Structures are given as C-alpha cells and as structure tokens.
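Working notes, structure below.
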Amino acid sequence: MPWRTVAVPIDADPHGILVLDEHPGGFTVHDDAPHQLPVDAFMEAWSAHRKGRHHRLVVTGTPTVPLPTAIPAALAETATHLTVPVLGNAFDTNFGFSGMTRLASQLRDTRTKTGFPRRFATPAAFTFALRRLHECLEEQYTAPAATRPLYAEFLDEAATLTGNPHLTEAASTFRSAATIWSAISTTARHPTTTDPTTVFTTLADLLDQARTIEESAIPLLLHPPT
C-alpha cells in the first residue's frame, strides 16, 4: 500500500484490507482509514506478496443469527478462550490468562535456560526479543495495543445493540488494559536500560497488571442485561 512507509518483513503474513467500492478510476479501500487506489496501484499491491497473491474473501448474503443473539455467544467464547484450555493439548498454556502468567514467569526466571534473561542474554538476542514483542503487539497478528482498544469499541457497540450496560463497563476495563499493553510495547521498543533482567522484570510486572485488569472484565462479559 503506497501510504504504508514501513517495510513488511518478507516472511510476514499477508496484510488484509477491506475493499469498499469499485469505480471507473479504481477502488475505495479501508486500511486503518479509507483510501482511493487506482487500478494499477491496487493490482501491484495485490500481486506483490507471494503468500497472499490475489487472495480474496467475499462477504455475501445476510446474517443467519440476529446480532443481539450472536453477541452474547461471541462474548462467552471470548471469556472461555481467555480462562480455560481450548485446544486440548499442552500448547493451551500459551494462550489466554494462563499464557500471560507463563510468559510473566519466564520473563522473571533468571535460573533456568528457558528464562528470558538467560535465553536472550546477548545484545543481539535481547534486541531481537524486544523487537518481536513490539511487532507482535502493535503491527503483526493483532491491532495496536494488542487489539484491546478495538475490542473496547466492539463492546460499546454491543452494549447499545443488546441493551446491556455491563458491556460499557467492560469496554472501559479493556481500555484500561490497553494502556498497559501500550506500555509493554513502548518498554520493548524503547527500553531505558540494556540490562535484560531489569527490562524483562519490568515487562513481567506490566503483564501481570494487564492480566489482573482483564480478569476483572470476565464477569462483565458474561453478565446478562439488567
């Protein structure tokens, strides 16, 4: 996309955009904001990434489940995925609150080889770990601030559609968590020291704060309208 000035790593997943309209001069696309894109520029971008070349998903038809019914089911699924195992294998511990707890433990672990202070002790490894943390929270696999602001917007809309004021409170809670996730990515992007143990401990403390805040939101996601 011509408005994206940061180069995408060659091994990154394809970047999706929303095509809103086709007109004689090209396309209206949404990528963080609406943009007008001539046909040639659109085709060049659509063809550039080998993994995602000419990949397209088309939304058609009408919803089969009314939104006021679908929203509580979606909220319950989010709560489940955050709080209990969902895959049924050992990898489950890497997801949800258990994954956050495990990561915080590894960030603080100075004794074993799986602890971050030892695993990423060299300057090159330390820089790599922090860069990937920032990228994964802000640029790849998620929306900025680990998607929490976007999810809060959804919760505000869901509160209106369902008449459930608890979701407005949940939105506020996830916005509070978003500030912590932003602090995590900022700490990773601009550490104030080159000492891995100090930086990783700071990240672990922030991660614990984010988890505590989000744990308090689970009852709100599951609370029926009153």
Side-chain angles (χ1 to χ4, degrees), residues 1 3-16 31-33 78 81-83 91-156 169-218 220-221:
M1 298 292 102
W3 49 84
R4 287 187 169 264
T5 58
V6 178
V8 177
I10 193 65
D11 61 344
D13 288 342
H15 176 75
D31 181 30
D32 296 334
T78 297
H81 285 191
L82 284 172
T83 56
F91 208 65
D92 262 324
T93 58
N94 295 317
F95 294 96
F97 295 145
S98 65
M100 295 166 68
T101 300
R102 184 181 186 188
L103 177 57
S105 176
Q106 291 179 340
L107 286 165
R108 293 191 179 97
D109 180 8
T110 59
R111 297 183 301 103
T112 70
K113 63 181 181 181
T114 59
F116 274 45
R118 290 183 59 182
R119 193 192 310 180
F120 301 105
T122 67
F126 178 59
T127 300
F128 170 80
L130 294 183
R131 186 184 76 241
R132 285 302 296 153
L133 179 58
H134 170 80
E135 290 172 347
C136 290
L137 291 179
E138 300 290 337
E139 299 170 1
Q140 300 175 18
Y141 309 113
T142 184
T147 309
R148 270 58 177 184
L150 189 63
Y151 192 62
E153 289 185 29
F154 158 70
L155 291 173
D156 280 334
E169 186 178 352
S172 177
T173 302
F174 275 99
R175 286 193 175 92
S176 296
T179 63
I180 306 301
W181 287 105
S182 293
I184 292 173
S185 62
T186 298
T187 300
R189 185 72 178 270
H190 303 291
T192 58
T193 177
T194 58
D195 175 51
T197 298
T198 300
V199 175
F200 289 144
T201 299
T202 299
L203 291 171
D205 291 343
L206 290 169
L207 193 58
D208 284 343
Q209 293 178 41
R211 189 193 69 248
T212 299
I213 292 171
E214 292 178 9
E215 286 174 339
S216 71
I218 297 300
L220 299 170
L221 297 182

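Values below: every heavy atom of this structure, side chains too, minus hydrogens, waters and symmetry copies. All values derive from a computational prediction rather than experimental measurement.
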task: Please step through side chain to side chain contact (heavy atoms under 4.5 Å, CB included) for the pair R108 and D208, ending with a clear verdict.
output: CA-CA 11 Å; R108 293 191 179 97; D208 284 343; 2.5 Å; yes
task: Walk me through it: do F200 and R119 pass the test side chain to side chain contact (heavy atoms under 4.5 Å, CB included)?
output: CA-CA 11 Å; F200 289 144; R119 193 192 310 180; over 6 Å; no
- request: Step by step, work out the side chain to side chain contact (heavy atoms under 4.5 Å, CB included) result for S98 and D92.
  value: CA-CA 8 Å; S98 65; D92 262 324; 6.0 Å; no
message: Checking F97 against E214 for the side chain to side chain contact (heavy atoms under 4.5 Å, CB included) test, could you report, in this order, the C-alpha distance in whole Å, the side-chain angles of both residues, the deciding distance, and whether it holds?
response: CA-CA 9 Å; F97 295 145; E214 292 178 9; 3.7 Å; yes
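T147 places no side-chain N or O within 3.5 Å of a backbone atom of L150 that could act as its donor or acceptor partner. Between the side chain of S182 and the main chain of A145, no donor-acceptor pair closer than 3.5 Å is present. Panel note: side chain S172, backbone E169; no donor-acceptor pair is recorded below 3.5 Å.
Closest approach of C136 to T142, counting heavy atoms only: O-CG2, 2.8 Å. Pairing each heavy atom of I184 with each of L203, the nearest pair is O-CD2, 3.5 Å. In this structure, V199 and P191 approach most closely via the heavy-atom pair CG2-CB, 4.0 Å. Nearest heavy atom pair, residue T173 against residue S216, reads CG2-OG, 3.6 Å. Closest heavy-atom contact between M100 and W181: CE-CZ2, 3.5 Å.
The residues D109 and R118 are annotated as not salt-bridged, no charged nitrogen and carboxylate oxygen being separated by less than 4.0 angstrom. Under a 4.0 Å N-O distance rule, the pair E138/R189 does not qualify as a salt bridge.
In this structure the side chain of T93 never reaches within 4.5 angstrom of the side chain of T101, judged on heavy atoms. Between P123 and T194 the shortest side-chain heavy-atom distance does not fall below 4.5 Å.
Partners of T198 under the side-chain contact (heavy atoms from CB on, under 4.5 Å) rule, at least two apart in sequence or in another chain, are T193, D195.
F154 and Y151 have tilted rings, their planes meeting at an angle from 30° to 60° on a 0 to 90° scale.
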